[in-house]
Amino acid sequence: MTTIDVHSHYVPRGWPDLAAATGSAGAAGAAGSATGWPWLRAESERDATIMIGSRQFRRIRSDSWDAETRLADMDADGVDIQVVSPTPVFFSYTRPGDQALKVARIFNDLALEICAPAPDRFLPFCQVPLQDPDAACAELDRCLAAGHVGVEIGNHIGDRDLDDEGIITFLQHCAQAGVPVFVHPWDMPSSPRLDRWMAQWLIGMPAETHLSILALTLGGAFDRLPASLRLCFAHGGGSFPFWVGRMDNAWHRRPDVVGTSPHPPSHYLDRFSVDTVVFDERALRLLVDTMGSERVMLGSDYPYPFGERPVGDLVRRASFLDQPARQRLLGENAAAFLNHTSRTAGTPGMPGK
């Protein structure tokens with residue numbers, strides 16, 4: 001059985017000064033320090049810090065960029081294939097579309113370099129300037145021709161959610177091209193109440209993902225998108241699976257406010273998938289009971305500290321899963337999502353065969 005992790009991220013070992021590359025004014029000192037662009041402060045061969053202007057964003061290690069380190073961890077955890085997606089801080093959705101396109105091109109090309117040492121085990125997903133649908137479609141096409149196999153998008157652009165007209169246009173293009181789409185929360189709300197305990201990540205991320213799925217259902221987006229569109233939401237779909245009953249109840253009882261879609265939210269559960277990044281068997285059971293075992297795929301959030309290690313441990317230990325369901329979660333569902341069944345069905349030289 002081939003094990004596929006659909007949720008991991010990369011950060012390059014370095015990248016050009018984004019202020020200079022995008023032609024934005026005010027570059028001075030360390031790359032990005034005067035403009036709020038991300039830059040990397042290298043501290044050793046294995047350690048670095050992502051900076052946003054002069055602010056520390058996240059400490060990272062060489063597992064973010066080094067193929068050998070990633071492969072060793074995958075081997076230790078029994079992972080055969082890893083989807084390698086951008087870190088959302090690089091999306092640049094708050095910038096003008098032409099600047100976001102230049103940033104996307106830089107990181108998409110660097111992602112191919114990171115994945116090049118093991119093309120049979122690393123599957124790169126690209127990023128696009130989602131605020132400009134035409135540019136996003138064009139960059140997706142360029143990346144597919146270059147070797148990317150899917151796209152990761154953020155769950156919103158400012159106040160525009162996934163039922164926004166431009167985002168629907170892009171998702172329709174993804175469906176037409178047969179491209180899997182991984183949706184990741186980003187740019188969570190901030191307040192003094194959320195600034196403690198990393199609450200933006202513990203509370204904000206689940207809420208953001210929940211809101212985005214709600215927008216696709218109640219906003220009518222799923223009714224306009226073809227059923228062939230392959231969508232996966234990170235972090236188990238956030239809080240959405242727990243509250244399907246509450247949302248259905250609201251749709252039936254307050255149709256004047258909530259009933260903006262022809263069907264209640266539960267009607268659309270077969271239109272998307274979720275990953276397994278929930279860390280608790282009880283949560284995973286709810287996820288499988290709600291979505292069905294054919295709609296849940298292994299994810300880890302590797303290599304970040306909030307991710308699961310060993311990858312897949314929760315699925316392998318879950319007492320309620322029978323072996324066919326366990327195989328679906330560990331690899332079969334992801335193979336279908338990625339349209340990589342030929343690569344996971346005993347191809348000579350395939351890892352784990």
Under 3.5 Å donor-acceptor, Ser24 side chain and Ala19 backbone: yes

Nonpolar side-chain network containing Leu112, other nodes, edges under 4.5 Å: none

Residues that Asp75 engages under salt bridge (charged side-chain N to carboxylate O under 4.0 Å, His left out), provided they are two or more places apart: Arg121

Main-chain N/O of Gly237 paired with His235 side-chain donor or acceptor, under 3.5 Å: no

Sidechain-backbone polar pair: Trp39 side chain, Gly53 backbone, donor-acceptor under 3.5 Å: yes

Check: Val83 main-chain N/O paired with Ser8 side-chain donor or acceptor under 3.5 Å: yes

Check: Leu269 main-chain N/O paired with Arg295 side-chain donor or acceptor under 3.5 Å: no

Minimum side-chain heavy-atom gap Ser261-Trp251 below 4.5 Å: yes

Side chains of Asn108 and Ile106 in contact at under 4.5 Å (non-hydrogen atoms): no

From CA spacing to verdict: ring-ring contact (aromatic ring centres under 6.0 Å, His included), Tyr304, His9: CA-CA 8 Å; Tyr304 295 132; His9 298 287; 5.7 Å; yes

Distance, nearest 0.5 Å, that separates CG of Asp301 from CD of Glu308: 10.5 Å

For Asp256, all residues meeting salt bridge (charged side-chain N to carboxylate O under 4.0 Å, His left out), sequence neighbours excluded: Arg254

Side-chain (Asp248) to main-chain (Ser266) donor-acceptor, under 3.5 angstrom: yes

N/O donor-acceptor pair under 3.5 Å between Asn333 side chain and Arg328 backbone: yes

Same apolar cluster: Val257 and Leu216, side chain cutoff 4.5 Å: yes

Heavy-atom side-chain contact between Phe233 and Ile213 under 4.5 Å: yes

Greater than 12 external heavy atoms within 6.0 Å of Gln323's CD: yes

By side chain to side chain contact (heavy atoms under 4.5 Å, CB included) - contacts of Ala234 (at least two apart): His7, Phe182, His184, Pro185, Asp275

Which residues share a side-chain hydrogen bond (donor to acceptor under 3.5 Å, both in side chains) with Thr260, sequence neighbours left out: none

Candidate pair Glu281 and Ser319, rule side chain to side chain donor-acceptor pair (under 3.5 Å), full reasoning: CA-CA 8 Å; Glu281 182 171 335; Ser319 59; 2.7 Å; yes

Donor-acceptor side-chain pairing of Asp47 and Ser44 below 3.5 angstrom: yes

Least distance between heavy atoms, Gly154 atom then Leu162 atom: O-CD2, 4.0 Å

Check: Val103 and Gln127 side chains under 4.5 Å, non-hydrogen atoms: yes

Heavy atoms from other residues, nucleotides or ligands near CZ of Arg282 exceed 12 (cutoff 6.0 Å): no

Same cluster (ILVMFWY, side-chain, under 4.5 Å), Phe272 and Leu211: no

Which residues share a salt bridge (charged side-chain N to carboxylate O under 4.0 Å, His left out) with Asp73, sequence neighbours left out: Arg309

Side chains of Ser62 and Arg13, donor plus acceptor under 3.5 Å: no

Check: Gln131 side chain, Arg95 main-chain N or O, donor-acceptor pair, under 3.5 Å: yes

Verify same cluster id: Val277, Leu287 (apolar side-chain graph, 4.5 Å): no

Whether Arg271 side chain and Leu225 backbone form a donor-acceptor pair below 3.5 Å: yes

Verify same cluster id: Phe57, Trp65 (apolar side-chain graph, 4.5 Å): yes

Pairing residues for Phe242 by the ring-ring contact (aromatic ring centres under 6.0 Å, His included) criterion, not counting sequence neighbours: none

Min side-chain heavy-atom separation Leu130-Phe91 under 4.5 Å: no

Glu165 bridged to Arg224 by N-O distance under 4.0 Å: yes

Any side-chain heavy-atom pair of Val296 and Val274 under 4.5 Å: yes

Cluster overlap Val288 with Phe279, hydrophobic side-chain contacts below 4.5 Å: no

Side chain Thr290, main chain Leu286, donor-acceptor under 3.5 Å: yes

For Phe337, all residues meeting ring-ring contact (aromatic ring centres under 6.0 Å, His included), sequence neighbours excluded: none

Salt-bridge contact Arg61-Asp63 (side-chain N to carboxylate O under 4.0 Å): no

Members besides Tyr302 in its Ile/Leu/Val/Met/Phe/Trp/Tyr cluster (side-chain heavy atoms under 4.5 Å): none

Counterpart residues, ring-ring contact (aromatic ring centres under 6.0 Å, His included), relative to Tyr10 (two or more places apart): none

Validation row: Leu144, Leu140 side chains within 4.5 angstrom (heavy atoms): yes

Glu152: partners by salt bridge (charged side-chain N to carboxylate O under 4.0 Å, His left out), with sequence neighbours left out: none

Heavy-atom closest contact (Asp161 atom, Ile167 atom, distance): O-CD1, 3.3 Å

Pro124 versus Gly147, closest heavy-atom pair with distance: CG-O, 3.8 Å

Salt bridge (charged side-chain N to carboxylate O under 4.0 Å, His left out) evaluation trace for Asp322 with Arg326: CA-CA 6 Å; Asp322 60 22; Arg326 203 182 316 276; over 6 Å; no

Pair Arg105 + Glu139, salt bridge at N-O below 4.0 Å: yes

Glu43 versus Thr49, side-chain donor and acceptor atoms under 3.5 Å: yes

Exercise: identify the closest heavy-atom pair between Leu284 and Leu314: CD2-CG, 3.9 Å

Worked check of side chain to side chain contact (heavy atoms under 4.5 Å, CB included) between Val149 and Phe125: CA-CA 6 Å; Val149 301; Phe125 271 34; 3.6 Å; yes

Check against side chain to side chain contact (heavy atoms under 4.5 Å, CB included), Phe107 and Leu18: CA-CA 11 Å; Phe107 284 95; Leu18 297 181; 4.1 Å; yes

Which residues share a ring-ring contact (aromatic ring centres under 6.0 Å, His included) with His267, sequence neighbours left out: His263

Contact check, side chains of Pro38 and Met51, non-hydrogen atoms, under 4.5 Å: no

Positive for side-chain hydrogen bond (donor to acceptor under 3.5 Å, both in side chains) with Ser212, one of Thr217, Asn155, Asp163: Asn155

